[in-house]
2 protein chains.
Amino acid sequence: MFRMARARTTSDVFNAIAEPRRRQILELLAARGALAVGTLVVLLGHPQSAVSKHLGVLRKVGVVAVLKQGKQRVYRIDAAHLKTVHDWVKPFEQLWDHHLARIKALAERRARQQAFSHNPQQQKGPS
Amino acid sequence: MFRMARARTTSDVFNAIAEPRRRQILELLAARGALAVGTLVVLLGHPQSAVSKHLGVLRKVGVVAVLKQGKQRVYRIDAAHLKTVHDWVKPFEQLWDHHLARIKALAERRARQQAFSHNPQQQKGPS
DNA sequence: TTTACATATTCCCATATAGGACTATAATGT
DNA sequence: ACATTATAGTCCTATATGGGAATATGTAAA
């Protein structure tokens, strides 16, 4: 059979955002609403060829959408596909929430003990 | 001289979770707390070699931690590094929230204005 | 020690990049 | 029609995989 090297970057959003430059593009699009390719080229300082190819990947995955405006292509984020990533990491949120909550509780307990022995007016832990 | 092929999977969390099987491992670890490699091998149905290698990537990136127990290695999630991904996608959340339609409309209006201007360099959005 | 078990690592290799340079396509202007 | 601009796509190539098999390392039991 064929050996698999790795999944295509165009296969899903996770692969698409694995590339720092592509994340950068998404950040710019999110910050400024929508941008033409030429603008992105200027902002990023990368060759047009590279920018277009990264946009191509993001487009194939569906995380950006294009709007033809004359000879320009204006890109904007199609948030629905980014939501895929969000929905995946979200459940893990409780893992560090738990951790932080435990640390906070511990700190507050210690603060209360110290308050009892030394400083009666302090009752709040570090936020 | 040096041509870059692609970023290493071990360079950051985004690359690490780009692989479906690695995401699957993280899901299992999150669901069941902590698991030995052998258990993961059984649950996943993949060769031990493959599982170990994927765990190696996740380990190097720091998204999992190991605990030696006898001749077993028990893996658990180190949530702090997953938070990196969460923190990155979170700002995009507003794009698919109830603001979605409004933002989209605004973006398209701005895009149309940009398309009318000749020089992409002079587009400095009001920050 | 020897044996058995649990994991990690090494070797080989087909393949998917990502970048640079160049080219093709499409829309607009003269 | 021809030139110009904006962007996409193609060709080439060094490199980083990821899988399978085999092997090494480490740990505990007989």
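None of the values given here were measured: they were computed from a predicted structure. All chains are named by letter (A, B, ...) in the order of the sequence lines, taking the proteins before the strands, and each is independently numbered beginning at 1.
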Under-3.5 Å donor-acceptor pair between S49(A) side chain and dG9(D) base: yes
Is a donor-acceptor pair below 3.5 Å formed from side chain K53(B) to base dG20(D), judging by atom type as modelled?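 Such a pair exists between side chain and base.
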Which residue pairs pass the salt bridge (charged side-chain N to carboxylate O under 4.0 Å, His left out) test with at least one member in residues 79-96 of chain A, sequence neighbours excluded? K83(A)-D87(A), K90(A)-E93(A)
Taking only residues two or more places apart in sequence or in another chain, which ones pass ring pair (Phe, Tyr, Trp, His ring centres under 6.0 Å) with F14(A)?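 In terms of ring pair (Phe, Tyr, Trp, His ring centres under 6.0 Å), with neighbours along the sequence ignored, F14(A) is linked to W88(A).
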What integer distance in Å separates [X]:[atom1] from [N]:[atom2]?
X: H46(B); N: dG20(D); atom1: NE2; atom2: P; result: 9 Å
X: N15(B); N: dT17(D); atom1: CG; atom2: P; result: 8 Å
X: Q69(B); N: dG26(D); atom1: CD; atom2: C1'; result: 16 Å
X: Q24(B); N: dG18(D); atom1: CD; atom2: C1'; result: 15 Å
X: L55(B); N: dA8(C); atom1: CG; atom2: C1'; result: 10 Å
X: I17(A); N: dT17(C); atom1: CD1; atom2: C1'; result: 17 Å
X: L58(A); N: dA18(C); atom1: CG; atom2: C1'; result: 14 Å
X: E19(A); N: dT17(D); atom1: CD; atom2: P; result: 11 Å

[X] [atom1] to [Y] [atom2] distance, which is reported to the nearest 0.5 Å:
X: L58(A); Y: I77(A); atom1: CG; atom2: CD1; answer: 9.0 Å
X: L82(A); Y: I17(A); atom1: CG; atom2: CD1; answer: 7.0 Å
X: L29(A); Y: L40(A); atom1: CG; atom2: CG; answer: 5.5 Å

Please list each protein N or O that sits under 3.5 Å from an N or O in nucleotides 1-7 of chain C, with the distance.
unit_1: dA6(C); atom_1: O3'; unit_2: K71(B); atom_2: O; d: 3.3
unit_1: dT7(C); atom_1: OP1; unit_2: V37(B); atom_2: N; d: 3.4
unit_1: dT7(C); atom_1: OP1; unit_2: R73(B); atom_2: N; d: 3.4
unit_1: dT7(C); atom_1: OP2; unit_2: G38(B); atom_2: N; d: 2.8

Is K60(B) salt-bridged to D12(B), going by a charged N under 4.0 Å from an acidic O?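 Salt bridge between K60(B) and D12(B), a charged N being under 4.0 Å from a carboxylate O: no.
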With a 4.0 Å limit, can you tell me whether H54(B) has a side-chain N or O closer than that to the phosphate oxygens OP1/OP2 of dG19(D)? yes
What I want to check is whether the side chains of H54(A) and R22(A) have a donor and an acceptor closer together than 3.5 Å. yes
